[in-house]
Amino acid sequence: MSIKNWILNRQYGGISDDRFLGLPYSHQYSEKIEFRKNPNSITLAYKVEKDSSTTVDSLCLCSATIKSTGDLIVFGSNGKIWRKAYGRTTYVLVYTDTSARKIINAIEYNDYLYWFTQSKVHRIAISAIDDAWSGSVTENYKTFTVGNANAHPAIELFNKLYIGDSYYLAELDSLGTFTGNKIEIFHDEEIRNITYSENYMRMYSRRTNKIDFGAAYLWSGTTTSYEQRMNYEGHLIHSVFNFNGSDYIVADRQPKLYTPNGYTLTALKRIPFVYDIQQLDMNPNAMTVYDGLLCFGLRGSYVSTTNATIKTGIMTYGRENDLYNDSLGFEYLTSNENNTDIIGFVTQSAGDLYFSWSNSAGTTFGIDKVNKAKYATSGYLESLVSYGNSATLEKALMNIKSAFCKLADGEKIQIFLKGDLTANYPSTPEIVMDYANTDDRGIVSKEKDADISIGDFNYLETKIVLTSGTSNATTPEVTETLITFEDGIETSDVND
């Protein structure tokens, strides 16, 4: 027999791909937990709030921030356009497409704001953007050669605007000349996203959402056709975003985050809680960079028979600085907070993170915003599985201790334990630190070594639940949890 200490601290390794193993200081899963900014502790993430009230009445698939003003423009799948002027707290309906066409993407270019429906390009002069666009909009400004109902990715390069249109790359120059078939790719593919790095435009394509195939086409802008094609067999591409000179790709039915390496994709992380027949996809505009991290929005559609267990929201990938590994987190769930919501777009606008969503029935909609003045009401972190030196040894829990910053009014920390890979944690925590309990005020550590309810175990898991302070203004901070246990006799001996 021997005494072992299991120390839980430094969770900056993020969400692991496995419940037993992971990067150093990683954990099995977390929601609404911040573990990067102060790498030696965990706190609550910032609070997500619905920003749009009931004004926005459809799923918005795209947005644009006006460079000169900071106005946020969001575009509905019902043809409506809303404006949140910089500094305002409200969204104003400024325009409705005369045919109520779904708006797929938008971009500012050469003093105009452009947006795209399935087969048309539309625009308004930046100088005409106010709370009433009637008379200022040019609908059907240009016509796409093919048309596409899924994606019209766009990028400004070489003082021109390039737009993906199914198997064509369209070009619009500063004089208004439109070439609908500037570059042609394979006709059984559609351009899903466009990035630029290392002197090449990269057009990422897929066939349909029924075929597990993706490709990347490289074009320098100086030739009449693309210069290189890289096949990604078996990878259904959902969304791509360039960050710090590298392309990040979310692909596959049970998605992983990849980065391209020539003709192959290097897997960085697996999206958790997508099991067996479950599937998960993303909309093409559901990636951005915020607070120095790559952000991507989970679930672009809902199918009840294959819906993934994971809730809908924004996952993050990255690190605080070069002293740490890149890690995966799940800080921001939709304000509706369930696993059937659908994310339309994810964007950073004037330093804030926004994302659009609808419920699966298409009856409730929202634009959410991360509020850095508040913390999530609650969040939790689940540890990796511990089994000491050997899983065959039965163990007895002797003591549990927790170290934390002094609690503020309303704050609470709960620690739950479960043994032997059971499905659910018990409803009663093993130890609680609660500001409502006067004995817990002003202390920085607490322990329990009697009446521990978990009993003997071979495997042990820990769940730490944090509750924010009054009016979500403060967050508890846990620096360490120490669990002491004694290795017992081998279970094979017990069975004998």
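All residue numbers in this chain count up from 1 along the given sequence.
Environment of CZ in Phe20: crowded, with over 12 heavy atoms of neighbouring residues, nucleotides or ligands closer than 6.0 Å. Counting heavy-atom neighbours within 6.0 Å of Asp276 CG, excluding the residue itself, gives a total of 12 or less. Remark: Lys372 NZ is packed, more than 12 non-hydrogen atoms of other residues, nucleotides or ligands lying under 6.0 Å away.
Listed by chain and residue number, Arg202, Tyr204, Val240, Asn242, Asp247 satisfy the side chain to side chain contact (heavy atoms under 4.5 Å, CB included) test with Thr195 (two or more places apart in sequence, or in another chain). Here Lys50 pairs with nothing under the salt bridge (Lys or Arg N to Asp or Glu O under 4.0 Å) rule; sequence neighbours left out. Residues satisfying the side chain to side chain contact (heavy atoms under 4.5 Å, CB included) test with Pro476, not counting sequence neighbours, are Leu44, Leu407, Glu411, Ile413, Leu466. Scanning for ring pair (Phe, Tyr, Trp, His ring centres under 6.0 Å) contacts around Tyr46 gives Tyr375, with sequence neighbours left out. Legend: residues meeting side chain to side chain donor-acceptor pair (under 3.5 Å) with Ser63, ordered by chain and number and at least two apart, are absent. With sequence neighbours excluded, no residue forms a salt bridge (Lys or Arg N to Asp or Glu O under 4.0 Å) with Asp18. With sequence neighbours excluded, the residues forming a salt bridge (Lys or Arg N to Asp or Glu O under 4.0 Å) with Asp212 are Arg253, listed by chain and number. Remark: Thr363 pairs with Asn359 by the side chain to side chain donor-acceptor pair (under 3.5 Å) rule, at least two apart or across chains.
Ion pairing between Glu461 and Arg19 fails under the 4.0 Å rule for side-chain N and carboxylate O.
For the residue pair Ser390 / Thr392, a side-chain donor-acceptor distance below 3.5 Å is found, with atom types taken as modelled. A donor and an acceptor atom, one from each side chain of Thr334 and Asp368, are nowhere located under 3.5 Å apart. Side chain to side chain, Thr312 and Asn338 fail the donor-acceptor criterion of an N or O pair below 3.5 Å. Counted by atom type alone, Ser41 and Glu477 present one or more donor-acceptor pairs between their side chains at under 3.5 Å. With no hydrogens or angles considered, a side-chain donor-acceptor pair links Tyr258 and Asp252 at under 3.5 Å.
Put simply, the side chain of Thr309 reaches to within 4.5 Å of the side chain of Gln278, judged on heavy atoms. A heavy-atom distance below 4.5 Å is found between the side chains of Asp291 and Lys37.
For the pair Arg206 (side chain) and Ile237 (backbone), a donor-acceptor distance under 3.5 Å is present. A donor-acceptor pair is defined here as one N or O able to donate and one able to accept, closer than 3.5 Å; such a pair exists between the side chain of Glu430 and the backbone of Ser453. Under the 3.5 Å distance criterion, the side-chain polar atoms of Asn307 are left unmatched by any main-chain donor or acceptor of Tyr302. Side-chain atoms of Ser356 come within 3.5 Å of backbone N or O of Phe345 as a donor-acceptor pair. Formation of a donor-acceptor pair under 3.5 Å by the Lys395 side chain with backbone atoms of Leu393 is found in this model. A side-chain donor-acceptor contact under 3.5 Å links Lys446 to the backbone of Val432. No donor-acceptor pair closer than 3.5 Å links the side chain of Ser205 to the backbone N or O of Ile191. Ser16 places a side-chain N or O within donor-acceptor distance of the main-chain N or O of Leu21, the cut-off being under 3.5 Å.
Note on residues 261-293: pairs passing ring-ring contact (aromatic ring centres under 6.0 Å, His included), not counting sequence neighbours, are Tyr29-Phe273, Phe273-Tyr275. Note on residues 316-343: pairs passing ring-ring contact (aromatic ring centres under 6.0 Å, His included), not counting sequence neighbours, are Tyr12-Tyr324. The ring-ring contact (aromatic ring centres under 6.0 Å, His included) analysis of residues 405-436, with sequence neighbours excluded, yields no pairs. Pairs passing the ring-ring contact (aromatic ring centres under 6.0 Å, His included) check and including a residue from residues 382-407, sequence neighbours excluded, read Tyr387-Tyr459.
Taking the six-membered ring where the residue is Trp, Phe35 and His27 present perpendicular rings, their angle passing 60° and hence far from 30°. The aromatic rings of Phe116 and His152 stand perpendicular to each other, their planes meeting at an angle above 60°, with 30° marking the opposite boundary.
Between Arg10 and the options Asn38, Thr479, Asn40, a side-chain hydrogen bond (donor to acceptor under 3.5 Å, both in side chains) holds for only Asn40.
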Evaluate Arg88 against Asp131 for side chain to side chain contact (heavy atoms under 4.5 Å, CB included), listing each step before the verdict.
CA-CA 12 Å; Arg88 283 193 196 170; Asp131 281 347; 2.8 Å; yes
Can Glu320 and Arg36 be said to form a salt bridge (charged side-chain N to carboxylate O under 4.0 Å, His left out), step by step?
CA-CA 6 Å; Glu320 182 67 14; Arg36 296 188 188 93; over 6 Å; no
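Checked against the 6.0 Å centroid threshold, His238 and Phe296 do not count as a close aromatic pair.
Residues Gln11 and Asn9 share a closest heavy-atom pair of NE2-O, 3.1 Å.
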